Structure formats: structure tokens, C-alpha cells
Amino acid sequence: MARDLTIAVCQTSPIQKSAQRAETVDRLIALLERAAAAGAEIAVFPELALTTFFPRWRIDDQAEIEAFFEPAMPGPQTQRLYDAAARLRTGFALGYAELARVDGKTRRFNTMDLVGQDGKLVGRYRKVHVPGSSEPEPGTTVHLERRYFEPGDLGFPVFSYRGVRIGMAICNDRRWPETYRMLCLNGAEIVLIGYNTPLLLDEAPALAHLRMFHNHLPMQAGAYQNTVWVAAAAKAGIEDGQALIGGSCIIAPTGEIAAQAMSLDDELIVHRADLDLISVCRKVNFDFAKYRRPDQYRLIADQV
Ligand code: CDT
């Protein structure tokens with residue numbers, strides 16, 4: 001019997017600092033309703049979808065920092081989104097800033113939760129590749145994720161969603177081959193990604209014309225080399241004075257872009273992901289069990 005899952009990528013336009021959480025949650029619910037009406041069985045939202053991308057600022061005031069974080073998910077402000085998922089029978093993956101209490105200590109992660117068609121948590125991923133710095137650096141676009149987030153500690157888990165194996169990744173993770181390889185070694189058939197990517201980086205003006213190419217290149221390569229569907233949602237447009245690229249997309253295990261956003265607005269793209277295409281592509285080149293040679297994938301001590 002054919003296997004498929006209809007995916008909606010919910011790109012958002014900016015979430016300005018001045019936006020109230022309730023207003024932002026309303027926007028996400030409106031996108032989820034559109035996704036369900038279009039037949040989607042799952043939706044993916046951007047990284048830090050509930051707030052502006054606050055790591056663009058050096059903030060010292062703890063109360064101001066904590067206002068960007070969610071101490072519980074769902075919380076009083078976000079419960080409505082989870083209720084909408086259950087009402088619409090359309091789950092979602094949502095990026096947000098997580099404030100966790102572990103063994104009496106406060107920990108902060110850049111997190112994405114997978115929520116099921118019943119509105120309940122299916123699984124959690126915490127961003128592993130945390131880019132930028134903890135202090136502003138001269139000549140460099142201010143990107144202080146390492147000030148606010150510690151690297152994820154959950155590895156690259158894969159969860160069963162309506163019988164489909166789904167993994168998640170967050171923004172900079174999408175540039176690293178290890179992300180897709182680990183997720184796919186763990187059995188992922190679909191990788192859901194959210195991102196906030198500055199259009200321009202002060203440190204690399206010579207690469208400015210390649211920003212969209214370097215957005216899609218690793219995701220297409222990751223999809224192809226690991227025979228997996230990739231669906232990625234951008235936060236796009238000018239957010240609190242900083243331009244973020246769009247280019248949200250759904251990529252097939254062939255490496256082809258099956259659907260791509262055409263605007264920098266709240267925009268939905270939907271595609272029915274044919275999961276049988278995975279085994280077709282796998283047979284051609286990437287049958288891991290048959291052809292991978294993990295015994296040869298080792299560092300040679302005197303050469304490093
Ligand atoms: N959010 C995020 O991870 N953005 C990074 C830009 C880092 S610039 C220091 C990205 O890879 O798009």
C-alpha cells in the first residue's frame with residue numbers, strides 16, 4: 001500500500017518585538033487552519049516562531065530575556081494552538097525558546113516540539129549546532145545565540161507520527177551533514193526544519209549573492225544523500241530592522257525542490273510527500289545497510 005504524508009510549510013513574515021504573544025499565536029492558528037483546509041496532515045513553523053529573533057541583541061536584563069522564553073509548553077498563551085491541532089487533526093512542529101528546569105538548575109535551549117494530531121507532545125528536539133557568539137564581535141553581524149542558548153543535549157531523535165518517522169532540525173543545523181546523517185541513521189523519513197537566516201552578514205559581504213543558494217544547497221544535498229524528505233519553514237522579511245531570507249521549501253529525496261515559497265509573507269506551501277520514493281532512491285545509491293562502510297569512517301590518529 002502506498003505511503004504518504006501531506007506536509008504544509010508555514011513560512012511567517014516577521015514577528016516584531018512589539019507583537020503580543022496572543023497576536024502571534026493567532027497568526028500561527030490561522031496558518032494551521034489554512035494548512036488543514038489544504039489537506040495537510042502536519043505543519044512546520046519557523047525557528048523561534050513565537051518571538052522576534054532576539055539573539056540579534058545583547059540583552060543584560062534577565063526579566064527582559066526571560067520574556068522571550070517559554071517555561072512550559074503548552075503554556076497559558078500557547079494552549080490555543082495545541083487545541084487547534086486537535087480540532088483540525090493537524091499536528092505541527094514549532095520552534096521556540098525553551099526555559100527548562102533540570103535538577104533544580106535553569107537551562108535554556110533553542111527547541112522544536114513535534115505535536116500530534118491529538119494536540120499532545122510527540123517529541124522534542126534541542127538545536128545542536130548553536131551559531132554565533134556570546135558577545136558582539138567587531139566586523140561581525142551581531143548573532144548572540146551562544147549567549148542565550150546552550151547546545152542541545154537530546155541528540156537527533158526520530159519520532160513516529162501517524163506511522164511516519166519524523167526528525168527535526170533548527171536553522172544552522174541544516175548546514176551540517178551530520179544532522180541529516182544522524183537523523184537518517186535513526187530512521188527518519190521526513191526532516192522538519194525551522195530557520196531565521198539573516199540576508200546579509202557583515203563578516204562575509206563577498207558571499208552575499210549566495211545566501212539563498214547556501215540555504216537550499218545543504219538541504220537538497222542532505223535530502224539526496226540520505227534519501228529523506230526535507231520541509232523547511234523560514235521567518236522572512238524585515239524583522240526589527242534586520243532582513244531575514246525566505247525560500248521556505250519542501251525537498252524530495254531526489255534532491256529536487258518540490259515546492260518553494262514565493263514571498264516574504266505568511267505563506268503556506270503544501271506537498272504530498274510520497275514516502276515510497278525513499279526506497280526507490282535508496283536502491284539506486286544509498287542503501288545504508290548494504291553500501292555504507294562505517295568500519296572505514298574513522299579518524300587516523302597520526303594524520304589529524
Ligand atoms: N538562526 C540561525 O541559526 N541562523 C544561522 C545564521 C548564523 S550567522 C552567525 C544560519 O545558519 O542561518
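Whatever order the structure lists them in is the order used to number ligands and atoms, beginning at 1. Remember, predicted model here, so these are calculated numbers, not experimental data.
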Can you report which non-hydrogen protein atom sits closest to atom 12 (O) of ligand 1, along with the distance? T197 OG1, 2.6 Å

Quick check on contacts: which atoms of ligand 1 are under 4.0 angstrom from a heavy atom of E47? 1 (N)

Which Ile, Leu, Val, Met, Phe, Trp or Tyr residues join L154 in one cluster when any pair of side-chain heavy atoms under 4.5 Å counts as a link? none

Ligand 1 and E203, any nitrogen or oxygen pair closer than 3.5 angstrom? no

Aromatic F109 / basic R126 pairing, under 6.0 angstrom, 45° off normal: yes

Considering the heavy atoms of E145, write down every atom of ligand 1 situated less than 4.0 Å from one of them. 1 (N), 2 (C), 3 (O)

Inspect the contact between E189 and R3 and indicate whether a charged nitrogen and a carboxylate oxygen are less than 4.0 angstrom apart. yes

Protein residue, atom and distance nearest to atom 3 (O) of ligand 1, heavy-atom basis: K127 NZ, 2.8 Å

Could you check whether R56 makes a cation-pi contact with F53, meaning its NZ or CZ is under 6.0 Å from the centre of the six-membered ring and within 45° of the ring axis? no

Numbered atoms and elements of ligand 1 in range of N196, under 4.0 angstrom, heavy atoms: 1 (N), 2 (C), 4 (N)

Under 3.5 Å, sequence neighbours excluded: what are the donor-acceptor pairs made by side chains of residues 69-77?
unit_1, atom_1, unit_2, atom_2, d
E70, OE2, R21, NE, 2.8
E70, OE2, R21, NH2, 2.8

For the backbone of S263 and the side chain of Q11, can you confirm whether one donor and one acceptor N or O come within less than 3.5 Å of each other? yes

Does any N or O of ligand 1 fall below 3.5 Å from an N or O anywhere on R175, backbone included? yes

Identity and distance of the protein heavy atom lying nearest atom 2 (C) of ligand 1: C171 SG, 2.8 Å

Would you call the rings of Y224 and F286 parallel, tilted or perpendicular, where under 30° means parallel and over 60° means perpendicular? perpendicular

In this structure, atom 9 (C) of ligand 1 is nearest to the protein heavy atom H143 CG, 3.8 Å

Any heavy atom of R174 sitting closer than 4.0 Å to ligand 1? yes

Within the 4.0 Å heavy-atom cut-off, what Y195 brings close to ligand 1 is neither

Answer yes or no for R165 and F159: cation-pi contact, defined as NZ/CZ to six-membered ring centre under 6.0 Å and angle to ring axis within 45°. no

Contact atoms of ligand 1, heavy-atom distance to F53 under 4.0 Å: 1 (N)

